[in-house]
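Worksheet for the structure shown next.
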Amino acid sequence: MSGPIHIRSDETFTLNVGPQHPATHGVLRVKMEMDGEYIVKAETVLGYIHRMHELMGENRTYPQVLPNLSRLDYLGAMGYTHAHVLAIERAASIEVPERAEYIRVLMVELNRISSHLFWFGAFVMDLGGFTPLMYAIEDREHILDLMEAVTGSRLTYCYFRFGGLYNDVDDDFINATRAVIPRLRKSLKKYDALVTGNIIFRKRLEGIGPISAEMCRKYGATGPVARGAGLDFDVRKNEPYSVYSEFDFDIPVYHECDSLARYNVRMDEMEQSLRIIEQALDKLPEGPIMPKKKPKLIKPPKGDYYQAVETARGSFGIRIVSDGTKNAYRFKLRSPTYSNMSLFDEACEGMMIMDALAMMGSLDLVIPEIDR
Amino acid sequence: MDLTIFNAVIAVVIAIAFAAANAAYLVLAERRGAGRIQRRPGPNVNLFGLLQPPADGIKLMTKQLMIPGGADKALFMVAPVLAMAPAIMSFVTIPFSNTIVAHSMNVGVLMIFAFASFGGMAILLAGWGSRNKYGVMAAVRAVSQNISYEVPMLITVITIVMMTGTMNLHEIASLQSGGFWNWNIFPVSMSDGFMLQPLMPISFLIFFICSLAETNRAPFDLGEAESELVAGFHTEYGSMGFGLFFMGEYANIVIGASLITILFLGGWGCPFGLYPGVWWFLLKIYLLIFSFIWIRWTFPRTTIYGLLNLSWKILIPISLFNLLLTAGLLKVF
Amino acid sequence: MGAYFSEIFLGLKSLAIGLGITFKEFFKPVVTVPYPFETIKMSERYRGHIELIEDEDGKPKCVACGMCQRACPSGCISLASKSVAYEVEVKGEMKTKKKKVLTKYDLNFTTCSLCGQCVESCGFGAVTFSKEYNLASFNKEDFHFDLLKRLEERNS
Amino acid sequence: MIKDTIKQAFLDLLPDPEPIIEEPVVEAAANDTAEDGKKKKAVKKEEPPRVNGVLECDHAAHGYDIDVQLEPGELLAAVMILDKNDFFLESITGVDWIKEKQLESVYDFSRYDFDQCRVVIRTRTPRDNPNIPTISKIYPGANWHERETHDFFGIKFEGHPHLIPLLLPEDADFHPLLKDFKP
């Protein structure tokens, strides 16, 4: 480690992006083989925040695993817990009261907006604009306040229970949510003018980071990444669960396959989530939030159960192999960003580092969710 | 005014003091401004945060200076000085008012640009000397950026020099005295005879963009691009090495704002010809600095090729056209 | 050529719009709370660490059944109890009965995931969430809460 | 319906005629478990290990439509059928059946389509020498999933280009999801 650096013109060098790097939003490491500013080859190294949730799922009883699901994705925790409760309800055939279903959808969509808002801010920060992050966080704060008032927690909600919910919502919450919706709509317009229309922003994303539909299929990418590649795929529509089939909403699909398309998908999704929330508030039925008869100890019958939900990041799946006891025999978490991230190595080849990092931002990575 | 040793020392000391004070309190202004834009107060503890800069300064000065293993020690040490010193030297020739000027030189504009090109040099040495891949990449970026933005900047200055017929900053500013209609930014310039140059606002815009780029300010802060290159050329710098880079950056901002004021906005002249003096000059440069801050906290960063495209495909052709037009108009009038 | 100039023009326009937005925000009031000088009230359902609830006599309501201990996913609750004989009047005559009295209720907050399963599993309403959130220390031992002691301190 | 096409393709692929005869019985059992698990469990004592074959499952009860169990040797052919029919790879995982001394590798496939069809392919391999051919040549996305499964279960994917630990530390020689794993 002494003496001057010699770089020949045909020589590549290895750039170690991460595990501590501002662009990776967590402990992700990408070993990049660089030719100047261009990436020749990239290899993603995972596992820096691996906590073996799957083994914990096998060691703990089903209700005890509930808090773990929130720790997978700290931004969109609600959706992950939703998958777990749905899987157990499917396996143990637990009926869910209608009111609970509606509140679940309401909460998941609120959480989806808050997750997308944070992603939006972090993404623009990846591109060097710091201010939108603060605006997004401010808007997100209103959603978090709403959710805290109901669930008692701001990030790791642990709000859903097998068969229902932990707490009921009250009129204050409903009124406050109704008040937040126009506010968010106004903010979305502001973001549109401040960021989406901005020439620098567009120049950085248009045509950059192509991820084709075929590539999505080969790598199993889902969520906004797939929808930005022109694939009309959303688990909420394709494989309706909970009460999603009763809502009227659209799935935004963009065919440009570039980073801007993925950005646009998420921005439009927030608008659609607001629509779902409005409908859920209107339709919210009265009734109990927990089923009348619920097994005291949850022991799903022997078998293999799979449940997919659409979280903010894509299709999240839980596979539960039950052997009839109170612990799962096998507890598999299929995390969407894991598949979305796996295509990064191939997609970023030949790109410039700043474009590659912009593309990485557009994948919406939450590292604890990749590593599980 | 003769430049005696004594005068020179006094001038340099005042310049250093001015640059350091400016750097310290511009950081505060920047943080407060950014805070207000982002709906938060910014540093506001103890006298509206006025004690924050001294605290930062003391912290930076008392920290240990770390030299990374394998770094080129000499280059590593000399780079921050090289970033700071030329910026301070440039203050010598800047006229703050009709009387407050350390040394009015006939080639003032040239001198400032000569010193400004040291900035790129400092970044190159810092990035290269710290033996850090991010640093080297940032250094290469910053140099290509500095070179490509000096060209349109100088062409724009040549336009001004052609119109005013002098390279002395003091004279350029004096020629614009009287009122805002005399300023070079406006198409009609009347101080030395009638002259219509319709593209002057565009010149101003080009010069403004170039000075943003030359001072490595966002959206052109590719040299430090914190989301890609960690901290770019000063990744490995801590303590006063970093402090000097910081001061150099803000001193450069002050110089950039001063140049814009002198070349385009009438220097120390009042927009309505009332009470010309240093206060108008300071008002103008701080308004410009505020707009720098405002721009920084509004836009995302450009890419390196977007930056070069902007320079070579847009700014240089337009400024060349502007130069030709000015030359032609000078022949006509 | 037209596209070249229109792009420059539209680009500048978009930049101006952006500047306009941030300029407007500049004059809006700040939305943050200067935290250590000013704090916000926690919502009613805020899930802090757990706290024992006392009955009318100031004794913990807890009957040391251990449901919370079993429900806890992280195993951060440990409690101990002893049997105490007490006399009670049943149909005019004094009888000696035994009951469990809580002697120790420790919460290891370092592993607690604040999920609230303990509160939910409690059939006696003896545990609740505290609203405390200013929890910071250099010392790991500070987070081994002796809830029984905290209850006594609260009462005294 | 894509479901029928796929089912037919799998039935053609699997040479053994036996599973077709077996199918209705096992399917009925699967349906019953879903409807009323507890009663059924009391009746059933010890379920024999499943025979290879194609099962059509109730989506509402299990979350997937077609459940295929096959020999590791038939895996590539089966995956190619799915590849031709525009399936995408959802996940790969393993299950440790320690009593039967077998490791099961489970592949989930689904489609970007409103004609919903989730296909599960299972293949079993002996526990002491777990070898399964890699499908990362067909689905490059399987690369990470297979590495993860190798991390957790120690299943060796033959022909995998880069079978080193992904989520576990580089030098990990343990497989935490095996049922006999002691930390």
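The figures here come from the full heavy-atom set of this structure, side chains too, leaving out hydrogens, waters and symmetry mates. Order of the sequence lines sets the chain letters (A, B, ...), proteins ahead of strands, with each chain counted from 1.
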Any sub-3.5 Å donor-acceptor pair from [X]'s side-chain atoms to [Y]'s backbone N or O?
X: Arg60(A); Y: Pro73(C); value: yes
X: Arg45(C); Y: Asn167(A); value: no
X: Gln64(A); Y: Ala71(C); value: yes

With a sphere of 6.0 Å drawn around [atom1] of [X], does it hold more than 12 non-hydrogen atoms of other residues, nucleotides or ligands?
X: Lys24(C); atom1: NZ; result: no
X: Phe9(C); atom1: CZ; result: no
X: Glu38(C); atom1: CD; result: yes
X: Lys28(C); atom1: NZ; result: yes
X: Lys131(C); atom1: NZ; result: yes

Heavy-atom pairs under 4.5 Å with chain C, option from Val65(A), Leu194(A), Asp145(A) with the top count: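 Ranked by contacts with chain C, first place is Leu194(A).
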message: Under a 4.5 Å cutoff for heavy-atom pairs, which residue among Leu66(A), Thr151(A), Ile200(A) has the most contacts with chain C?
response: Thr151(A)
Region of Thr22(C) in contact with chain A, defined by heavy-atom distances below 4.5 Å: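 Both the backbone and the side chain of Thr22(C) come within 4.5 Å of chain A.
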- request: Using non-hydrogen atoms and a 4.5 Å limit, figure out which bit of Glu120(C) sits close to chain A: side chain, backbone, both or neither.
  value: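 Side chain only.
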Could you give the distance from [atom1] ([X]) to [atom2] ([Y]), rounded to the nearest 0.5 Å?
X: Leu69(A); Y: Cys115(C); atom1: CG; atom2: SG; value: 12.5 Å
X: Ile137(A); Y: Thr32(C); atom1: CD1; atom2: OG1; value: 12.0 Å
X: Ile199(A); Y: Ser14(C); atom1: CD1; atom2: OG; value: 5.5 Å
X: Phe201(A); Y: Leu15(C); atom1: CZ; atom2: CG; value: 13.5 Å
X: Asn68(A); Y: Ser74(C); atom1: CG; atom2: OG; value: 8.0 Å

Which answer fits [X], side chain, backbone, both or neither, if we ask what part of it has an atom under 4.5 Å from a heavy atom of chain C?
X: Glu148(A); answer: both
X: Arg161(A); answer: side chain
X: Val150(A); answer: both
X: Arg154(A); answer: neither

message: To check you understand the geometry: which heavy-atom pair defines the closest contact between Thr156(A) and Arg47(C), and what is its length?
response: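 So the two residues come closest at O-NH2, 3.3 Å.
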message: Under the criterion side chain to side chain contact (heavy atoms under 4.5 Å, CB included), I'd like the reasoning laid out for Lys190(A) against Ile21(C): C-alpha separation, chi angles, the key distance, then a yes or no.
response: CA-CA 8 Å; Lys190(A) 183 169 86 183; Ile21(C) 289 171; 3.8 Å; yes
- prompt: Do the charged groups of Glu7(C) and Arg202(A) touch, with an N to O distance under 4.0 Å?
  reply: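 Looking at Arg202(A) together with Glu7(C), the answer is no, because their closest N to O distance does not fall below 4.0 Å.
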